[in-house]
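Structure first, then comments.
Every value quoted in this text rests on a predicted model; they were computed, and no experiment measured them.
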Amino acid sequence: MGNIIYRRKKDSKENNGSRSRRIGGRSQRKMAAEEELLHRQALSMVLHQHQLSQRFDGSLSRRIGSTSSRRHTDPLANNEKKVVESLENIKFRRVVLIHGEGFGAWCWYKTIAQLEEVGLLRTAMDLTGSGIDLTDTNTVTTLAEYSKPLIQYLEALPEDEKVILVGHSSGGACLSYALENFPEKISKAIFLCATMVSNGQRPFDVFAEELGSAERFMQESEFLIYGNGKDEPPTGFMFEKQLMKGLYFNQSPTKDVALAMVTMRPTPLGPIMEKLSLSPENYGSGRRFYIQTLDDRALSPDVQEKLVRENPPEGVYKIKGSDHCPFFSKPQSLHKILVEIVQIP
């Protein structure tokens with residue numbers, strides 16, 4: 001499997017001045033709203049172009065392959081055909097992609113295209129206050145609120161349908177929450193370098209090695225956001241861009257890093273500071289798989305190994321050379337693993 005390792009288990013002037021300030025304030029708010037709209041439009045266009053590019057490249061490769069196939073057999077095309085055929089008989093074929101802190105559905109654009117090519121159904125969603133969801137992140141205080149789009153999706157599923165969940169980074173907490181509340185709706189849960197916590201743990205606890213204890217982070221971190229004012233508890237956080245590049249994207253292509261830098265949003269603090277209540281009957285009955293990333297600076301391989309050791313899943317996979325965002329740095333390796341897990345009976 002190449003670079004994949006698998007292991008189971010006052011006056012007029014003043015009046016004029018105040019009037020100017022009011023007008024200026026309105027103008028600034030209007031400009032901010034327009035900037036936000038332009039940002040979202042740009043994001044939509046970028047994603048659309050990326051997906052078109054991905055599909056064009058794929059179709060071009062197939063055309064070249066089909067021309068040369070008169071003389072040679074294309075092993076890659078044959079292998080893809082076999083994968084597609086084997087997946088046709090899989091009962092639960094819908095993969096639901098859940099992003100991590102700061103990200104949105106946009107981060108899965110490569111994975112989406114690859115899953116579509118082999119005939120799998122895929123859904124990528126923005127959690128509350130993420131991606132293009134308009135909710136102010138400062139108002140998201142619980143894991144239930146943060147996970148609401150996922151919960152509503154699971155609630156709407158037909159009675160006999162199940163899905164495969166994939167959760168990245170802190171999105172793993174949403175998977176655990178879903179497993180506890182809707183075990184009958186989830187065929188498999190795949191934790192991608194994610195916060196696969198045990199009962200009574202907080203998602204933030206997983207990052208303690210890199211960020212320090214939760215208590216220290218809440219008191220001292222320079223990355224905290226005080227949406228309700230400095231006299232109130234912090235409501236979110238967002239890392240400085242250079243730090244973010246070093247932590248998350250040390251192996252990712254430049255164009256993907258550039259995309260992330262203009263699209264990532266603050267992360268609500270409440271959900272990752274919430275202790276999860278997980279039971280053996282619900283969460284414990286779920287089929288969990290873990291994908292480790294071996295060049296990860298945000299969640300080190302040692303920490304990921306500890307998570308697996310303390311809360312053993314059914315299977316463990318490892319991707320060499322991947323940073324914290326394998327959907328950017330190692331998309332093909334990630335795709336192969338996802339397809340393999342989908343095929344496990």
Side-chain angles (χ1 to χ4, degrees), residues 92 94-105 107-108 111 115 122-128 130-131 140 142-157 161-207 267-268 270-293 298-299 303-304 307-308 310-317 324-327 334 337-338 341-342 344:
F92 301 117
R94 181 168 292 280
V95 180
V96 179
L97 304 165
I98 307 299
H99 62 82
E101 68 282 354
F103 293 88
C107 72
W108 300 105
T111 304
L115 293 175
R122 87 296 175 277
T123 297
M125 62 182 63
D126 290 318
L127 297 173
T128 308
S130 305
V140 183
T142 67
L143 187 57
E145 289 176 279
Y146 189 51
S147 305
K148 190 174 181 179
L150 172 59
I151 300 309
Q152 290 178 331
Y153 178 86
L154 294 174
E155 287 176 334
L157 283 176
E161 189 172 340
K162 294 185 179 184
V163 295
I164 298 165
L165 298 184
V166 181
H168 172 243
S169 199
S170 64
C174 300
L175 262 63
S176 297
Y177 183 80
L179 277 169
E180 178 63 27
N181 290 279
F182 296 92
E184 74 285 355
K185 298 287 188 179
I186 301 166
S187 170
K188 298 168 184 140
I190 304 172
F191 292 78
L192 176 59
C193 50
T195 52
M196 187 174 67
V197 298
S198 299
N199 180 44
Q201 278 189 310
R202 294 174 290 202
F204 184 90
D205 293 340
V206 175
F207 296 97
T267 301
I272 67 169
M273 292 297 180
E274 183 178 319
K275 291 184 179 181
L276 272 72
S277 179
L278 305 172
S279 67
E281 297 79 18
N282 293 341
Y283 172 81
S285 66
R287 299 185 66 184
R288 292 177 291 112
F289 299 82
Y290 199 97
I291 302 176
Q292 297 178 339
T293 42
L299 197 64
V303 171
Q304 294 183 49
L307 290 175
V308 167
E310 294 179 347
N311 192 10
E314 181 176 328
V316 178
Y317 297 75
H324 195 56
C325 300
F327 38 74
L334 173 60
I337 292 174
L338 293 179
I341 296 175
V342 169
I344 295 174

Scanning both residues in full, the closest heavy-atom pair of Asp126 with Ala105 reads OD1-N, 2.8 Å

Side-chain donor or acceptor of Ser285 paired with backbone N/O of Glu281 under 3.5 Å: yes

Taken in chain and number order and not counting sequence neighbours, the residues that satisfy ring pair (Phe, Tyr, Trp, His ring centres under 6.0 Å) with His99 are none

If we only count heavy atoms from C-beta on, is the Val163 to Tyr153 side-chain gap below 4.5 Å? yes

Any side-chain to backbone donor/acceptor pair from Thr195 onto Ser169? Under 3.5 Å, distance only. yes

Heavy-atom donor-acceptor pair, Ser279 side chain to Asn282 backbone, under 3.5 Å: yes

Between Tyr290 and Phe191, what is the ring plane arrangement, given parallel below 30°, perpendicular above 60°, and tilted in between? parallel

Residue pair Ile291 / Pro326, side-chain heavy-atom distance below 4.5 Å: no

Among residues at least two apart in sequence or on other chains, which ones pass side-chain contact (heavy atoms from CB on, under 4.5 Å) with Asn311? Met196, Ser198, Tyr283, Arg288

Mind running side-chain contact (heavy atoms from CB on, under 4.5 Å) on Leu192 and Leu334 for me, showing each step along the way? CA-CA 9 Å; Leu192 176 59; Leu334 173 60; 3.8 Å; yes

Which atom pair, heavy atoms only, marks the closest approach of Ile98 to Gly171? CG2-O, 4.2 Å

Exercise: identify the closest heavy-atom pair between Pro268 and Val140: CB-O, 3.4 Å

Any side-chain heavy-atom pair of Asn181 and Leu154 under 4.5 Å: no

Donor-acceptor pair, Thr128 side chain versus Glu145 backbone, under 3.5 Å? yes

Partners passing side-chain contact (heavy atoms from CB on, under 4.5 Å) against Thr267 (at least two apart in sequence or in another chain): Glu101, Phe237

Does Ile190 reach the side chain of Tyr317, with side-chain heavy atoms less than 4.5 Å apart? no

Between side-chain atoms of residues 270-278 and protein atoms elsewhere (two or more places apart, or another chain), which donor-acceptor pairs fall under 3.5 Å?
unit_1, atom_1, unit_2, atom_2, d
Glu274, OE1, Leu143, N, 2.8

Side-chain touch Phe327/Leu97, heavy atoms, less than 4.5 angstrom: no

Residues at least two apart in sequence or cross-chain that pass ring pair (Phe, Tyr, Trp, His ring centres under 6.0 Å) with Tyr146, listed by chain then number, are none

For Val342, does its backbone N or O pair with a side-chain atom of Lys188 as donor and acceptor, under 3.5 Å? yes

Stepwise side-chain contact (heavy atoms from CB on, under 4.5 Å) test for Leu150 and Leu165: CA-CA 10 Å; Leu150 172 59; Leu165 298 184; 4.0 Å; yes

If you take all heavy atoms of Met125 and Val96, which pair is closest and at what distance? CE-CG1, 3.9 Å

Please state whether the rings of His168 and His324 are parallel, tilted or perpendicular, taking 30° and 60° as the class boundaries. tilted

What closest approach, in Å, do Leu127 and Cys174 show between heavy atoms, and which atom pair accounts for it? CD1-SG, 3.7 Å

To the nearest 0.5 angstrom, please state how far the CG atom of Leu115 sits from the CZ atom of Arg94. 11.0 Å

Can you list everything that forms a side-chain contact (heavy atoms from CB on, under 4.5 Å) with Ser187? Sequence neighbours excluded, please. Phe92, Lys162, Ile164

Evaluate the side-chain proximity of Phe289 to Ile344: yes if any heavy-atom separation is below 4.5 Å, no if none is. yes

Considering all heavy atoms of both residues, which atom of Leu179 and which atom of Gly286 are nearest to each other, and what is their separation? CD2-CA, 4.1 Å

